[in-house]
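Order of the sequence lines sets the chain letters (A, B, ...), proteins ahead of strands, with each chain counted from 1. Side chains are part of it too, since the values below use all heavy atoms of this structure and drop only hydrogens, waters and symmetry mates.
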There are 2 protein chains.
Amino acid sequence: MATIEDVAKKAGLSRSTVSRVINRHPYVTEEKKKLVYDAMRELEYYPNSSAQRLRTQKTDTIAVLVPRLTNPFFPFLIEGLEMVAVDHGFQLLICQTHQDKEKELSFLNLLQTKQVDGLIFTSIENDWDTISSFKECGPIILCNEYRSEATFPVVRLNQVKGSYLGTRHLIEKGHQKIAYCGGTTSELGIDREKGFRKAVKEFDLEVREDWIFRDPFSIECGKRVLREIRAMEDRPTAIFTGSDEIAAGIIKEAKNLGVNIPEDIAVIGFDDQPIAELMEPTLTTIRQPTKEMGQKTMELMLAMLNNQAIIHEKHVIELPIQVISRESV
Amino acid sequence: MATIEDVAKKAGLSRSTVSRVINRHPYVTEEKKKLVYDAMRELEYYPNSSAQRLRTQKTDTIAVLVPRLTNPFFPFLIEGLEMVAVDHGFQLLICQTHQDKEKELSFLNLLQTKQVDGLIFTSIENDWDTISSFKECGPIILCNEYRSEATFPVVRLNQVKGSYLGTRHLIEKGHQKIAYCGGTTSELGIDREKGFRKAVKEFDLEVREDWIFRDPFSIECGKRVLREIRAMEDRPTAIFTGSDEIAAGIIKEAKNLGVNIPEDIAVIGFDDQPIAELMEPTLTTIRQPTKEMGQKTMELMLAMLNNQAIIHEKHVIELPIQVISRESV
DNA sequence: TTGAAAGCGCTAACAC
DNA sequence: GTGTTAGCGCTTTCAA
């Protein structure tokens, strides 16, 4: 493998000049530039990035922590993040935590060991104290999931509002008996439940604790929820869910059980993934501007890396959220 | 940021000893080991991986080239790759080519610049000559997509057989007029078409060239294909498709147009993604053992990196493929 | 069992 | 404009 030294020798110049050519510095004569390029070509030289990184203390890489890639929400989010990153010469290191605290910590280690210049959380597993201790290691942003104690910038949606709007939509369609399916471990989940409760209370309806289903996340979970509901004596007429996948599972199981949607029970999803349009009936859902959220996040990250703007540690960007009305409600 | 030097000083030892402790070398007394650990903790020391990489000439990172993450096939494949990689202390650098030749080349550059130890293609954009010129840069494996000229190891399915079985399934269900939707730019696509043609000919049926739809890839493409078919005078009674997404698009559009599946037209997908079970009717499809393919590929990569086995450059691993019969045929 | 020292490949003062 | 040189932080002979 050729090194910069080899190129310098072959070109009859110094390492510095070669380095200048590589890094497109001004003040190199065309003549010598050509000499360098020729030598590089002949030797099939490519700069060693570990050496560059060590020397410059930059990696031009941003770590993105996601729970898992098989949840389509995250690939779409990554799409937005990547678009902006690539435009600015950065690459993404995508890290699946699989909802594991230890794994999450091991990825935070990337920042400590200088394998990445910055890190973006799209989900959070560990306690806030644990995570905040990494503050000194480099720029960190919370995107999608968040913590109110956070002393990092946050890019998020107003989840209270999202679920409030979704629930109100169900109520306005005439539903009074509404079940809720959502996460409880994240602040995002807690906020969604708040929005749900807010809407229900606003219309003087009752929140039935036995109609609250905690921490479902998959198609399978959705199926199970519907089975549990069908086993009840007093059943809800509508279900609010925390993802299109859960909602899809409910719809699927409804078919198996001969339950009609939305007549017997209405369902609203969350995210507006492609699957929402494919289901029969099509899925009413709460659209998150996923890609935009990714873009905004990466723009913020780049600004932090450049110290362009002084980013306040309580900097919060909130993006709009809306109900997409289809057939399942 | 603390360096190994700082730790050495604080512990009253040499850099070498600290390094030995970091790398769990034998022959360090417990006493000194403790001294080092204490110093590391106090200084919040973490080894700089750029320096380690430069010194050891290893990155413990494998690049995985995928067309895009929003096609669920690839996250599942990555799942398999990652499982094995993580077990052996490797991380994945996931690279989306977005079907772009230039981007693909820029990722091959990762190997040249020593940012990764090995590289896995799951799709191929450039000419074989272009790609094969990277052979000297490090271990490369083709996974999923392949080229018969390949002088790299290949992990793949027998695509000819897959589409042959799928087409035969359609024929055995009584279909004689079968349309084909698939890629033509990749060898994988060409092989699938071969399998299709083989089955059709074997049953003395005709391949109608105007029923061949080239290079569809999305839900939207599927919709378009069905519209084109409905505009024909003489229509096929079944469609073979190259992905569950295309098939889902066809089914979706069929509903819009009041076309019954499988009565008016049968559809078979490819991949067996979660969506196949969610569609109504459920999707008959050709299952690829995606995760296993990922696992096998990474095992092979690790073997290549260790020179454990001498991997023949024409090494080909072929995994089984089967038809999953549901309602759409 | 430990330390001294060389060097991985590169960039950036600084000097000319 | 170009070259000399120091050094980024680490591992690994080699010698003791």
Side-chain angles (χ1 to χ4, degrees), chain A residues 1-37 39-40 43-61 89 109-117 137-138, chain B residues 1-37 39-40 43-61 89 109-117 137-138:
Chain A
M1 209 79 263
T3 71
I4 199 171
E5 176 81 55
D6 302 330
V7 177
K9 270 199 192 122
K10 175 140 232 151
L13 294 163
S14 73
R15 295 211 307 268
S16 345
T17 306
V18 178
S19 174
R20 288 193 188 98
V21 173
I22 293 171
N23 296 291
R24 308 187 185 294
H25 275 275
Y27 312 130
V28 182
T29 53
E30 283 306 321
E31 175 200 8
K32 312 232 153 158
K33 228 183 253 177
K34 182 171 175 342
L35 244 37
V36 171
Y37 280 129
M40 295 205 303
L43 295 170
E44 300 190 34
Y45 166 77
Y46 294 91
N48 178 310
S49 32
S50 300
Q52 291 180 312
R53 288 175 178 203
L54 175 59
R55 185 56 233 240
T56 60
Q57 306 282 33
K58 295 190 325 148
T59 63
D60 294 337
T61 305
N109 191 42
L110 294 170
L111 209 49
Q112 290 179 318
T113 59
K114 302 280 173 248
Q115 274 189 67
V116 298
D117 296 338
C137 302
Chain B
M1 209 79 261
T3 72
I4 199 171
E5 177 81 53
D6 302 330
V7 177
K9 270 198 193 123
K10 175 140 233 149
L13 296 163
S14 73
R15 295 208 310 264
S16 337
T17 305
V18 178
S19 173
R20 288 193 188 97
V21 173
I22 293 170
N23 295 291
R24 308 188 186 292
H25 274 275
Y27 312 129
V28 181
T29 53
E30 282 305 321
E31 175 201 6
K32 311 232 155 159
K33 227 183 254 179
K34 184 173 174 339
L35 244 37
V36 171
Y37 280 128
M40 294 205 304
L43 295 169
E44 300 190 36
Y45 166 77
Y46 294 91
N48 178 310
S49 35
S50 299
Q52 290 181 312
R53 288 176 178 202
L54 175 58
R55 184 56 232 239
T56 60
Q57 306 282 32
K58 295 190 325 150
T59 64
D60 293 336
T61 306
N109 191 42
L110 294 171
L111 209 50
Q112 291 179 317
T113 59
K114 302 280 174 248
Q115 275 188 68
V116 298
D117 296 338
C137 302

Nearest to the side chain of B:Y27 - C:dT1, C:dC8, D:dG1? C:dT1

What about A:R53: does its side chain form a donor-acceptor pair under 3.5 Å with the base of C:dG9? no

Quick check against the 3.5 Å criterion: does B:N23 have a side-chain atom that pairs as donor or acceptor with the backbone of B:H25? no

Residue B:H25, side-chain atoms from C-beta onward, closest of D:dG9, D:dT12, D:dG3: D:dT12

How many Å lie between CD on B:Q52 and C1' on C:dC8, as a whole number? 13 Å

For the student: nearest non-hydrogen atoms of B:N109 and A:Y46, plus distance: OD1-CD2, 3.7 Å

The nucleotide from C:dT1, D:dT2, C:dA5 with an atom nearest the side chain of B:R15 is C:dA5

Whole Å only: how far is the CE atom of B:M40 from the P atom of D:dC10? 11 Å

Heavy-atom closest pair (B:A39 atom, B:K10 atom, distance to 0.1 Å) is CB-CG, 3.7 Å

To the nearest angstrom, the CD-P distance between B:E5 and D:dC10 comes to 10 Å

Take atom OH of B:Y46 and atom P of D:dC10, then tell me their distance rounded to the nearest Å. 13 Å

Please determine whether side-chain hydrogen bond (donor to acceptor under 3.5 Å, both in side chains) holds for the pair A:S16 and A:S19, giving the CA-CA distance in whole Å, both sets of side-chain angles, and the decisive distance to 0.1 Å. CA-CA 5 Å; A:S16 345; A:S19 174; over 6 Å; no

From C:dT1, D:dC10, C:dG3, nucleotide with atom closest to B:T3 side chain: D:dC10

Closest approach to the side chain of A:R20, judged atom by atom: which nucleotide of D:dT12, C:dA13, C:dT1 is it? C:dA13

To check you understand the geometry: which heavy-atom pair defines the closest contact between A:K114 and B:S50, and what is its length? O-OG, 4.0 Å

Taking atom CD of B:Q57 as the centre, does the number of heavy atoms from other residues, nucleotides or ligands within less than 6.0 Å exceed 12? yes

So, does the side chain of B:S16 form a donor-acceptor pair with the base of C:dA4 at under 3.5 Å? yes

Can you tell which of C:dG7, C:dA12, D:dT5 lies closest to the side chain of A:T56? C:dA12

Looking at C:dG3, I'd like to know if its phosphate oxygens (OP1 or OP2) sit under 4.0 Å from a side-chain N or O belonging to B:T17. yes

B:I4 has its side chain closest, among C:dC10, C:dT2, D:dC10, to D:dC10

Separation of atom CE in A:M1 from atom P in C:dG7, rounded to whole Å: 21 Å

Roughly, in whole Å, what's the span from CD in B:Q57 to P in D:dC10? 16 Å

Give a yes/no answer on whether the side chain of A:S50 brings an N or O atom under 4.0 Å of OP1 or OP2 in C:dC8. no

Whole-Å distance between D:dT12 C1' and B:I22 CD1? 13 Å

Take the protein atom CG of A:L35 and the nucleotide atom C1' of D:dG3, then report the distance between them rounded to whole Å. 15 Å

Please figure out whether A:L54 or B:P26 has its closest DNA chain C nucleotide nearer the 5' end. B:P26

For a quick test of reading the model: is some side-chain N or O of A:K32 closer than 4.0 Å to OP1 or OP2 of D:dG1? no

